[in-house]
Amino acid sequence: MSEQQTDGGKGTLASPEIKSSPRISLVWLIPIITAVIGGWLIVKTLAEQEPEISITFKSAEGIEAGKTRIKYRDLDVGVVESVRLSDDFSQVELKAKISKGAETLLHKGTRFWVVKPRLGMSGISGLSTLVSGVYVALEPGDGPAASVFAGLDQPPRVMPGEKGTEITLIADRLGSLDVGSPVYYQGLQAGEVLGYELTKDKKNILVYLFIKSPFDGLVHSNSHFWNVGGLDVSLGANGVNIHVESMKSLLLGGVAFETADTLEQRDPVAKEQRFTLFHNHQDIASKVYTNGETFIAYFDNSVRGLAVGAPVEFKGITIGSVSELRLEFNQKDTSFRIPVLLEISFKRMRESGISAGTDSKKLLDQLIAKGLRAQLRMGSLLTGKLFVELDMHPGTPVHLRADKSISFLELPTIPGNFDRMRTSIQNTLAKLDRVDIDGISNELKQSLRALHHLLTTLDQHAEPVATNVDQTLRKARKTLELLNRQLKSGSPAVRMTEEVGEAARSIRALVDMLERNPESVITGKPKAGGK
């Protein structure tokens, strides 16, 4: 404070000095620093905390909280922390911690399954868990990050990292095939059956195979698959032949495949392609079509002799078979028609250079425009069996009868030769029905009576007629003898004939000369060598 003089001469007083103080007190720095350090510790703890996931299984057999490990390629990446029933008691829920850094394996497509000792028809698996204990295996998948997963009831047939190709077969029956049944190529195991299911129409079975590398490179669009389960017994000229692919296929069933050297193109296998599973290898020779599509054809005349399984041929080559036929009645015009479903593989008749994925409707439209028609043909006069023949008939009309409710592609039809012959016979019989048979019979009777009367008359006058004919013949003989004598050489008649001939030749020569030299009438006959 500074000293200042006061009024009245009295002593001096000290005045206060004002200074600015800091806005934040040092006292508040301690809690702020404490909060920052605490927040950092929380963030660090959360960052270092192992991610938690949830896995559901139908059963918790062999799984223990705090002990069961989660492994990827036999390396521990987590541990099961708790096991409890789900809210609806339908399954068990596992809470597990995943090691730091392994969270990159957790995606929507990641799969989990329990590895434990299993005994099945395909063999024994998981024996190592007898020592190490049951564990949960992990296979990373694709998709966004996820933390909730549904575990598999069975281990996947294709193990992680295994190279190969999945193939789909279509069969009318499963036979002895099961999950794990082997797939063979020339007696070598090339893969196995992954599973099977019914098709959407519940008429066939889809069988899924996994062909291991490098065998998957042997599968092409024209490969054939057949069932080798059980015994293959055939009777031939050398007696009974029994063939077994292997003892494993005898017990588990199995599938074999081949890619024969044929004229068909060896196109790569399309992702959506389905192969036919034949009952045995002999069926491949009798059913040379594969992966057929369903078409429909309408016939008006009788189909007696046509049955399910009858072949569909194109220029003598079997390309399909009849899969169904039925009778439809139209109330509007009281008419009948017979729709026939045909299972056809146009792959057997595709043009050179067209791939197996060619659109069937586009190809069919092209063939119909060029005259493709279906007709019934007699396969055998002895059995009366019919088959469907496809051939080119340019110029014939196209009659399509399927309505919008039919989803199948339609093949136009024309009457077969047998139908035309039957129609011709029916028309002929109809014309015969219109003929007056009674009138013709009466006229024929009258003609026969007149002929009988004529023959009777001739018989009565036969002797006089014969006498007159004999006299006439004798007179004719005398006339011929006289003419023969007159025509002998040296006779006046012969000489006259010769002279007439000579005169005719002279006249012909004169006419020829006049034609060449008409001026000779005035100048006379030209000299030799002249014109």
Handout entry: Side chain proximity check, F225 to T276, heavy atoms < 4.5 angstrom
Key = no
Handout entry: Partner residues of E389 under the salt bridge (charged side-chain N to carboxylate O under 4.0 Å, His left out) criterion, sequence neighbours left out
Key = R377
Exercise for the section: State, with a plain yes or no, whether a side-chain heavy atom of T413 is found less than 4.5 Å away from one of L376. Expected result: no
Handout entry: Results of side chain to side chain donor-acceptor pair (under 3.5 Å) for S405 - residues two or more places apart only
Key = D403
Problem - Test side-chain contact (heavy atoms from CB on, under 4.5 Å) applied to V340 and I338, step by step - result: CA-CA 6 Å; V340 178; I338 304 173; 4.2 Å; yes
Fill in the blank from the handout: For G254 and N227, the nearest pair of non-hydrogen atoms, with its separation, is O-OD1, 3.2 Å
Handout entry: Ring-ring centroid check F257 Y185, cutoff 6.0 Å
Key = yes
Completion exercise
side chain to side chain donor-acceptor pair (under 3.5 Å) filter on K108, not counting sequence neighbours, yields none
Practice task
Carefully, step by step, assess D391 and K315 under the rule salt bridge (Lys or Arg N to Asp or Glu O under 4.0 Å).
Solution key: CA-CA 6 Å; D391 209 339; K315 294 188 178 298; 3.1 Å; yes
Practice task
Report yes or no: do T294 and E343 form a side-chain donor-acceptor pair below 3.5 Å?
Solution key: yes
Exercise for the section: Write down the atom of G78, the atom of S99, and the distance for their closest heavy-atom approach. Expected result: N-OG, 3.8 Å
Practice task
Check A65 against S82 and note the closest heavy-atom contact, atom names and distance.
Solution key: CB-CA, 3.9 Å
Exercise for the section: Report yes if some heavy atom in the side chain of V134 is under 4.5 Å from a heavy atom in the side chain of V114; otherwise report no. Expected result: yes
Fill in the blank from the handout: Heavy-atom closest pair (V83 atom, A60 atom, distance to 0.1 Å) is CG1-CB, 3.9 Å
Handout entry: Side-chain donor-acceptor pair present, T396, R373, cut-off under 3.5 Å
Key = yes
Exercise for the section: Please name the pair of heavy atoms, one in V312 and one in V322, separated by the smallest distance, quoted to 0.1 Å. Expected result: CG2-N, 4.2 Å
Problem - Qualifying residues under ring-ring contact (aromatic ring centres under 6.0 Å, His included), relative to F112, sequence neighbours excluded - result: F149
Practice task
Would you check if L386 and M378 make a side-chain contact, meaning some heavy-atom pair closer than 4.5 Å?
Solution key: yes
Practice task
Take atom CZ of F89 as the centre, draw a 6.0 Å sphere, and report whether it contains more than 12 heavy atoms from other residues, nucleotides or ligands.
Solution key: no
Practice task
Please say which of L169, D178, V207 ends up in a side-chain contact (heavy atoms from CB on, under 4.5 Å) with V193.
Solution key: V207
Problem - Polar side-chain atom of S223 near backbone of T259 as donor-acceptor pair, under 3.5 Å - result: no
Handout entry: Short N-O contact, E410 and R401, less than 4.0 angstrom
Key = no
Handout entry: Salt bridge flag under 4.0 Å for residues E93 and K95
Key = yes
Practice task
Please name all residues satisfying salt bridge (charged side-chain N to carboxylate O under 4.0 Å, His left out) with D87, sequence neighbours left out, ordered by chain then number.
Solution key: R84
Practice task
For S90, check side chain to side chain donor-acceptor pair (under 3.5 Å) against everything at least two apart and list the hits.
Solution key: D88
Problem - Close side-chain approach of E192 and S181, heavy atoms under 4.5 Å - result: no
Problem - F278 and H224 aromatic ring geometry - parallel, tilted or perpendicular at 30°/60° bounds - result: perpendicular
Exercise for the section: Please work out which of the three classes, parallel, tilted or perpendicular, describes the rings of W226 and H281, given edges at 30° and 60°. Expected result: perpendicular
Problem - Any donor-acceptor N or O pair under 3.5 Å, side chains Y298, E328 - result: no
Handout entry: Min side-chain heavy-atom separation P339-R326 under 4.5 Å
Key = yes
